[in-house]
Chemist: 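Pasting a structure here, questions to come.
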Amino acid sequence: MTPMFSHIPADQRPTLEIFVDGQSVRARRGDTVSAALLASGLDVRRDSAVSGVPRLPYCMMGVCFECLVTIDGVGNRQGCLIPVAPGMRVEIQRGKRELGK
Amino acid sequence: MAQVHDVAVVGGGLLGASIAWGLARLGQKVVVLDEGDAVRRASRANFALVWVQGKGAGMPPYANWSVEASRQWPGFAEALEEQTGLDVHYQRPGGFHICLNEDELAARQRVVEGMYAQGAPEGYGLEMTSREDLEKALPEIGPEVVGASYSPHDGHVNSLRTFRALHEGLRAFGADYRPDHMVDAIEPQPGGGFVLHTEQGRVEAAKVVLAAGNGNERLAPHVGLFAPMMPTRGQIIVTERVRPFLHYPLGTLRQTDEGTVMIGDSKEDVLDDGETRVPVSTVMADRARRTFPLLNRLNVVRTWSGIRVMTRDGFPVYDQSASAPGAFVACCHSGVTLASMHALDLARRIRDGGLGGALAPFSARRFADAPETLLNSDAAA
Ligand SMILES: Cc1cc2nc3c(=O)[nH]c(=O)nc-3n(C[C@H](O)[C@H](O)[C@H](O)COP(=O)(O)OP(=O)(O)OC[C@H]3O[C@@H](n4cnc5c(N)ncnc54)[C@H](O)[C@@H]3O)c2cc1C
Ligand code: FES
């Protein structure tokens, strides 16, 4: 599948490795988690908390909360506001956040 | 004189809406006179418990009335859903009052014993629960929890949806709901019946029910009634949604049908609900996370405060006027809990023209400074 989003070839920033549901993904330094997910080519849709419908990041600027994701064990974080870091563990949320995550 | 309306209900909060819905369901022609949308109502700020344990300490008939309210809630919720298609999510798994140290536990034990000493209702079922038993029901409790009291009658509901269902139901019954109709004055007519003066002109009705919350205090004397109020403030914290983990409501903590955790419910004397107060929220949040340490990581998405409708002694007032017998007043703190009784029981009594002996203990005659004009329902019936 061709990803809907990809990095522009002229973007020469160094890459780093993050893990999405355990799978290794190359992101570029300075990407937000949401940008890295969208460019990963993986199915990164979460299920919404009440009706369970699929959702992706939307505004990419912190206002719509569509990008909620579990990062390093903490649920409901806004992926569009958080830069990737080497070794970061990202989990796609299925429905509501779990207590303790 | 012939009236267009059988009953004018003053106030469209939970009490007014429940009573009006009950009356309209019995075929009465009802007009509800309410203030505008921007008014702050306890009915939109509450914690949504249908709560029985400890209610009526010091007034046994109120304990009975609360147990009966819980028993009537399933039928009430069903009737609302049948009529409006709205599921108000009433659940009655029983509820716990959590104690975080031995002093609290001893105090709670005294409350439980007190309820039995004053003559608890039939099938009351209130009991203390050990930490071991509590862990089975609430596996996530923290180490500080030492025990709880449990009542099988306790439950909770989606109270905003209940409020909406009542108003949709009112419309479906053909009741006449009029917002922006603040009532300034009420005049009993010599031959019976009432003229109500509102922001937007006069309204006439054969009977009048005052259900104006704390506003009852001002209106009651117009029709020979008495409603001494002493409002308090309450504050609530709401978290983001999480997967269901809490299958019982607690007195100050519950998980809603949609997954948010609500933390309540302070009691303060300050009567400004324009802002929430951080020191108060801090105490509430601290208790919540000592009860369930896992709550620590949750994000808070909202807090709000509201003014409680509170009579001077905290017990409900239901009364009927002696000087103008078609006039009734109803006010109470626990308008969510008692909504079933207001809709199914109180409304029928008002339709029949008298409150009846069962409600006599709720007369405002119990206050030492009650005016002579008060007569209880048993004499009027
Ligand atoms: C923080 C908080 C938590 C609570 N938690 C619970 C709970 O868990 N369980 C429970 O059972 N109860 C709870 N309650 C109590 C419950 O919300 C109230 O008992 C109930 O809402 C009271 O309803 P009401 O219709 O009497 O008052 P209100 O909701 O205040 O409505 C009164 C209505 O009368 C109208 N009015 C006033 N004066 C006039 C006038 N002159 N003319 C026309 N209209 C007028 C107002 O505009 C308003 O619409 C809580 C309350 C608060 C504040
Ligand atoms: S994408 Fe809108 S808040 Fe993150």
Side-chain angles (χ1 to χ4, degrees), chain A residues 18-22 32-38 43-85 87-101, chain B residues 48 85-89 91 96 98 134-135 137-145 157-158 160-161 164 237-250 252-263 285-303:
Chain A
I18 64 168
F19 298 91
V20 179
D21 286 338
T32 63
V33 171
S34 294
L37 290 176
L38 290 172
D43 180 356
V44 294
R45 293 174 296 178
R46 72 180 176 100
D47 306 325
S48 69
V50 174
S51 53
V53 296
R55 291 289 165 86
L56 281 175
Y58 180 60
C59 73
M60 297 297 275
M61 59 180 210
V63 296
C64 73
F65 288 75
E66 293 295 8
C67 57
L68 297 178
V69 70
T70 300
I71 299 177
D72 291 332
V74 180
N76 269 8
R77 305 205 63 197
Q78 283 170 280
C80 74
L81 297 182
I82 297 167
V84 290
M88 187 179 252
R89 298 196 170 265
V90 177
E91 292 163 72
I92 306 303
Q93 273 184 214
R94 300 287 162 220
K96 296 181 181 67
R97 180 177 181 180
E98 276 173 80
L99 197 62
K101 252 198 184 174
Chain B
L86 293 167
D87 177 1
V88 299
H89 279 277
Q91 289 174 294
F96 294 98
I98 298 285
L134 204 52
E135 278 172 3
L138 307 170
E140 319 283 4
I141 48 169
E144 283 185 65
V145 176
V157 68
N158 185 322
L160 284 178
R161 202 170 304 138
R164 176 177 155 206
I237 301 173
V238 181
T239 74
E240 62 194 343
R241 297 186 163 111
V242 280
R243 295 210 192 142
F245 75 99
L246 181 53
H247 303 289
Y248 298 84
L250 315 181
T252 59
L253 192 73
R254 67 184 199 95
Q255 188 172 22
T256 71
D257 53 305
E258 288 176 341
T260 56
V261 179
M262 290 180 65
I263 301 166
D286 183 57
R287 273 196 80 83
R289 66 179 188 156
R290 284 157 68 199
T291 306
F292 292 113
L294 285 174
L295 291 176
N296 241 340
R297 298 176 81 167
L298 283 191
N299 294 305
V300 168
V301 295
R302 279 189 284 292
T303 66

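Chain letters run A, B, ... following the sequence lines, proteins first, then strands; residues in each count from 1. In this text the structure is predicted, and so the values were computed from the model without any measurement.
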Chemist: Hey, could you give me the CZ/CG distance between B:R241 and A:L68, rounded to the nearest 0.5 Å?
Modeler: 11.5 Å
Chemist: Atom CZ of residue position A:F19 - does it have more than 12 heavy atoms of other residues, nucleotides or ligands inside 6.0 Å?
Modeler: yes
Chemist: Provide the closest heavy-atom pair for B:E240 versus A:N76 in the form atom of the first, atom of the second, distance.
Modeler: OE1-ND2, 2.6 Å
Chemist: Quick one: pull up CD in B:E258 and NZ in A:K96 and give me the separation to the nearest 0.5 Å.
Modeler: 7.5 Å
Chemist: Select one option (side chain, backbone, both, neither) describing which atoms of A:R94 are under 4.5 Å from chain B's heavy atoms.
Modeler: both
